[in-house]
Amino acid sequence: MTEQLKQKLNDSAVLRWSVLALVAFTMLCGYFLTDVMSPLKPMLEKELLWDSLDYGFFTSAYGWFNVFLLMLIFGGIILDKMGVRFTGMGACLLMVFGCGLKYYAISTTFPEGAMLFGFKMQVTLAALGYAIFGVGVEIAGITVSKIIVKWFKGKEMALAMGLEMATARIGTTLAMVLTVPLADFFGYTDEGGAFHTNIPAPILFCLVMLCVGTIAFFIYTFYDKKLDASLDAEGLEPEEPFRMKDIVYIITNKGFWLIALLCVLFYSAVFPFIKYAADLMVQKYHVDPKLAGTIPGLLPIGAIILTPLFGSLYDRIGKGATLMVIGSVMLIFVHSMFALPILNVWWFATVIMIVLGFAFSLVPSAMWPSVPKIIPEKQLGTAYALIFWVQNWGLMGVPLLIGWVLNSYCKGPVVDGAQTYDYTLPMTIFAMFGVLALIVALMLKAENKKKGYGLEEANIQK
Ligand SMILES: NCCCC[C@H](NC(=O)[C@@H](N)CCCCN)C(=O)O
């Protein structure tokens, strides 16, 4: 019976992939809310009178609690101590609560001049909601990574990770493509005949999606319980207990730091870029604001197809460190093209965005499955949490830096009531992150050669 149960849970491909679909859907909902404000930036400035600094401050809130209150690290410890069910449900509830607060802030008209912590009341409250959500979605991310290891260990782990990332990217795509049409659809025309978009509408839609994502995770917990029961019955400990010395082992490992550094540098040039990409399309490539999210929307769409493909390539052929180097080179090329004052036409932006889609798939599909080659499996939860923590410094700081740079050095004339910006400097900064990422990727390749981590070897052993 036990053997049958184990067979049914661990070895049933249908169950394994179904379980992945459930938790990946939860991540899809989380990624939707993460990026839902990006295509709204011009409208936030026009309708709610935010400026780029407000937007940068709000966007940086994603990492506040994760970075300064060490919530991610605590999340990793809680994950290792309390398990995936408790931590995952807690993370989902945080996402719902944070999104609810953000919706309240955006849908409320506060008295003129009302300030909180030096920023407009609305901006600060929305940022607080986003900060709480940020804790939830990041902890959900490490929880789902641990769930994948739990179900796919010794099986198609890299492919499963690639598919989970691909599913999550559908959430980013929805944010890019659906947000403005939703805000327009629920918009209204005032007595003066002026049309106003409904900015809270897409956030409310996200709130509903997050509730559905939470239900999906809740359903998953029953399968997780069954899996634990089967592992228990086998006499296997379902999850490794957390030990303080695990952290010391991880942080004294050079390979770990190279991965963490590559992660923060690479992702700093991608996720914060996405926050400004729609605005870049309007400002530099003169794309209609209504369609501005469509071109950046290609980025996650490309990644949806390519991430599992490259993951499976890494599984079969190896060359993980090389893939990371190639991805970093592409990143430099892309941001340099966006920075240069050439071909300011939509089709060129589209081609460049597709190239970025390749880079955005190459590095993550090789980097995340490389972590288990550097860090022993029993320390993986904590290691992922620490990498996410380092990465969150970038996710928090870079949007704020870009918002500040835009506000301070890149302002152009006001056209039709809308502020214009020159994106040359911000794009040069993103390109510099690419250069640093390339240096670290090369160092990782050298370290791999020295220590024999096996990053260039196939994951599937013949
Ligand atoms: N198995 C590891 C999956 C990591 C996926 C990775 N996510 C992150 O790096 C998050 N810390 C940040 C997510 C921000 C979402 N806009 C990814 O590539 O998505």
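The residues of the chain are indexed from 1 along the displayed sequence. When a ligand or atom number is given, it counts from 1 through the structure's own listing order.
Although no hydrogens or angles enter the test, the distance criterion places no donor-acceptor pair under 3.5 Å between the side chain of Tyr453 and the main chain of Glu447.
For ligand 1, the polar-atom distance check against Glu164 finds no nitrogen or oxygen pair separated by under 3.5 Å. In terms of polar-atom proximity, defined here as any N/O pair under 3.5 Å, Tyr62 makes no such contact with ligand 1. Considering backbone and side-chain atoms alike, Tyr384 places every N or O at 3.5 Å or more from each N or O of ligand 1. Close N/O approach between Arg169 and ligand 1 is found [any backbone or side-chain N/O within under 3.5 Å]. For Asn392, no nitrogen or oxygen atom sits less than 3.5 Å from a nitrogen or oxygen atom of ligand 1, counting backbone and side chain alike.
In this pair, Phe271 and Tyr267 present their aromatic rings parallel. The plane angle is below 30°, not in the 30 to 60° band. In this pair, Phe222 and Phe218 present their aromatic rings perpendicular. The plane angle is above 60°, beyond the 30 to 60° band.
Remark: the Asn392 side chain and the Glu138 side chain contain an N/O donor-acceptor pair separated by less than 3.5 Å. Looking only at atom types and distance, the side chain of Asp51 has no donor-acceptor partner in the side chain of Tyr55 under 3.5 Å away.
When each atom of ligand 1 is checked for a heavy atom of Tyr267 under 4.0 Å away, the hits are 6 (C), 17 (C), 18 (O). Each of the atoms 5 (C), 18 (O) of ligand 1 lies under 4.0 Å from some heavy atom of Met165. For ligand 1, the atoms lying closer than 4.0 Å to a non-hydrogen atom of Met161 are 1 (N). Less than 4.0 angstrom separates some heavy atom of Thr34 from each of these atoms of ligand 1: 15 (C), 16 (N).
Of the candidates Trp64, Tyr62, Phe117, Phe57 forms a ring pair (Phe, Tyr, Trp, His ring centres under 6.0 Å) with just one, namely Trp64.
The nearest protein atom to atom 2 (C) of ligand 1, hydrogens excluded, is given as Ser145 OG, 3.3 Å; this is a heavy-atom distance. In terms of protein heavy-atom proximity, atom 19 (O) of ligand 1 is nearest to Tyr31 OH, 2.5 Å. Residue, atom and distance of the protein heavy atom nearest to atom 8 (C) of ligand 1 are Gln391 NE2, 3.6 Å. If you check which protein heavy atom lies closest to atom 10 (C) of ligand 1, you get Glu138 OE2, 3.2 Å.
Asp35 and Arg169 are not joined by a salt bridge, as no carboxylate oxygen comes within less than 4.0 angstrom of a charged side-chain nitrogen. Taking 4.0 Å as the cut-off between side-chain N and carboxylate O, Glu457 and Lys319 do not count as a salt-bridged pair.
Between Cys92 and Thr26, the closest side-chain pair of non-hydrogen atoms falls below 4.5 Å.
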